[in-house]
Number of protein chains: 2
Amino acid sequence: MPSPNSYRTHPSPLESGLRQDGKRMTPQRKKVLSLFEGIGSGIHLSAEEVHSKLTNSGDKVSLATIYRTLRLLVKMTFLNELDLSEGGNRFELLSHDHPDHHHLICIRCGRTEEFENKDVIKAGEVAAKNLGFKLLESSLNVRAICPLCINK
Amino acid sequence: MPSPNSYRTHPSPLESGLRQDGKRMTPQRKKVLSLFEGIGSGIHLSAEEVHSKLTNSGDKVSLATIYRTLRLLVKMTFLNELDLSEGGNRFELLSHDHPDHHHLICIRCGRTEEFENKDVIKAGEVAAKNLGFKLLESSLNVRAICPLCINK
DNA sequence: AAAAAGTTGCAAGCTGTTCTCAATACGCTA
DNA sequence: TAGCGTATTGAGAACAGCTTGCAACTTTTT
């Protein structure tokens, strides 16, 4: 029976993506990406939150590295960056099956509702195609005033 | 013939909006809003840019006041705040006829193309209506990779 | 005209993010 | 599998954008 080491581990998409670029696989990068993979693709974390979640589970990764890694993972299209928030950008796992985020945001109280609309998805696809862009993700932000805030 | 002072000037929307709220019309507020009215509704300025434009035209308004005024004008829905930028939020005159901004953005090089799509506008309207929100503006951001960046 | 309330400018402070740089870890090659 | 070149890390300083505290000033009210 062959020893476990005789199997060659299949390199993860992260690892092969990095390799291709002369970059290296590090425990820190693995930890950041696994954190996002662990929580799934609907949830957005700030850099600070990533930092404290890792710290709480005993993994020490410096904040500077978190910022560097988040930027890298966005560029590699593992993560998606959401700009729509107060107090720091947020990141989430980029799901290629479900690449859309439509938000209705109250500009007064910040309440946010999510919805999804096929026409919007299609509009993004068409625009990308017309200009020869490769679509990653489209996000619609509707700025509005919610019923509770409208009268004050 | 009556003296000019016998005419009562019709208070501007800004002034009456402020009055309603126990707030006051000040030269600073007027200057900031006129600046935006002067340049029209397609152009977005950062707080810093507003500051230097006013300074260049000889109007001294402190940066702190600019920030306070921009926040106020957004709340009063004279201006619209765009969160989608690097290096500071940007503001533009909120045009109620044309409240839409659709962008196709290359995540590698930052190139941005604008487009407009009726279905997207409608989707925002429908979502707002369903939840009882009052629509201000909807913006679609399509994150993608442009032809020049796709192979590297 | 005095009091009350809103606004401004300045400077200090805060927050999120990036940078600098020495120390360290990765991964290739021998 | 030891050694080497280079990518990466951590820590803290630096930075940019923005907000706040406060004293002076301006308007409005009485």
Side-chain angles (χ1 to χ4, degrees), chain A residues 3 5 8-9 11-12 14-33 35 44-55 58-76 79 81-91 107 110, chain B residues 8-9 11-12 14-33 44-55 58-76 79 81-91 110:
Chain A
S3 87
N5 289 333
R8 187 161 297 284
T9 27
S12 67
L14 172 58
E15 181 155 8
S16 40
L18 288 167
R19 282 257 167 78
Q20 252 183 348
D21 228 348
K23 298 190 183 309
R24 291 171 188 174
M25 179 56 141
T26 67
Q28 290 89 337
R29 288 171 177 173
K30 204 179 298 193
K31 280 172 191 162
V32 172
L33 183 54
L35 174 62
H44 357 85
L45 302 179
S46 66
E48 208 69 57
E49 284 168 347
V50 171
H51 184 236
S52 65
K53 274 184 195 296
L54 288 179
T55 303
D59 296 314
K60 288 191 281 304
V61 181
S62 81
L63 194 51
T65 296
I66 304 237
Y67 276 105
R68 285 186 283 234
T69 303
L70 290 174
R71 240 191 301 155
L72 179 70
L73 292 176
V74 168
K75 189 162 276 177
M76 295 176 73
L79 295 185
E81 182 172 4
L82 310 173
D83 295 323
L84 52 105
S85 68
E86 313 278 303
N89 290 339
R90 306 188 95 77
F91 300 83
I107 62 160
Chain B
R8 186 162 298 286
T9 27
S12 67
L14 172 58
E15 180 156 9
S16 41
L18 288 168
R19 281 262 164 74
Q20 250 181 351
D21 228 347
K23 297 189 183 311
R24 292 172 188 170
M25 179 56 142
T26 67
Q28 290 88 338
R29 286 170 181 174
K30 203 178 300 191
K31 282 171 191 163
V32 172
L33 184 54
H44 357 84
L45 302 179
S46 67
E48 209 68 55
E49 285 168 346
V50 171
H51 184 236
S52 63
K53 274 183 194 297
L54 288 180
T55 303
D59 297 313
K60 287 189 282 304
V61 181
S62 81
L63 195 51
T65 296
I66 303 231
Y67 276 106
R68 286 187 280 233
T69 303
L70 289 174
R71 239 191 301 156
L72 179 69
L73 291 176
V74 168
K75 189 162 276 176
M76 295 176 74
L79 295 186
E81 183 173 3
L82 311 174
D83 294 325
L84 51 107
S85 71
E86 314 278 301
N89 290 340
R90 305 188 95 77
F91 300 83

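Each chain gets a letter, A, B and so on, in the order its sequence line appears, and its residues count up from 1.
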Scanning both residues in full, the closest heavy-atom pair of A:Asp59 with A:Lys31 reads OD1-CE, 3.4 Å
Quick one: B:Glu15 CD to D:dT27 P, roughly how many Å, whole number?
12 Å
Looking at DNA chain C, which of residues 21-30 of chain A put a heavy atom within less than 4.0 Å of it?
A:Arg24, A:Met25, A:Pro27
For residues B:Val50 and B:Thr69, determine if any side-chain heavy atom of one lies less than 4.5 Å from a side-chain heavy atom of the other.
no
Could you tell me which non-hydrogen atom of A:Met76 sits nearest to which non-hydrogen atom of A:Leu18, and how far apart they are?
CE-N, 3.7 Å
Would you indicate whether the side-chain heavy atoms of A:Arg29 and A:Lys23 approach each other to under 4.5 Å?
yes
Using whole Å, report how far CG of A:Asp59 lies from P of D:dT9.
14 Å
Over all atoms of both residues, closest heavy-atom pair of B:Ala47 and B:Leu63
O-CD1, 4.1 Å
Nearest-nucleotide check on DNA chain D, B:Arg68 vs A:Thr65; residue mapping nearer the 5' end is A:Thr65
What is the distance, to the nearest angstrom, from the NZ atom on B:Lys75 to the P atom on D:dT19?
11 Å
What is the distance from CG of A:Leu63 to P of C:dT20, rounded to the nearest Å?
18 Å
Taking atom P of D:dC18 as reference, at what distance in whole Å does atom CG of B:Leu70 sit?
9 Å
Distance check needed: D:dA13 C1' versus A:Tyr67 OH, whole Å only.
16 Å
What integer distance in Å separates B:Glu49:CD from D:dC18:P?
11 Å
Please determine if a side-chain N or O atom of B:Arg19 lies less than 4.0 Å away from the OP1 or OP2 oxygen of D:dT28.
yes
So, are B:Glu49 and B:Lys53 salt-bridged, with charged N and O less than 4.0 Å apart?
no
Considering all heavy atoms of both residues, which atom of A:Met25 and which atom of A:Ser12 are nearest to each other, and what is their separation?
CE-OG, 3.9 Å
Heavy atoms from C-beta onward define the side chain here; which of C:dT17, D:dG17, C:dC10 lies closest to that of B:Ser62?
C:dC10
Value in whole Å for how far the P atom of C:dG6 lies from CG of B:Leu18:
13 Å
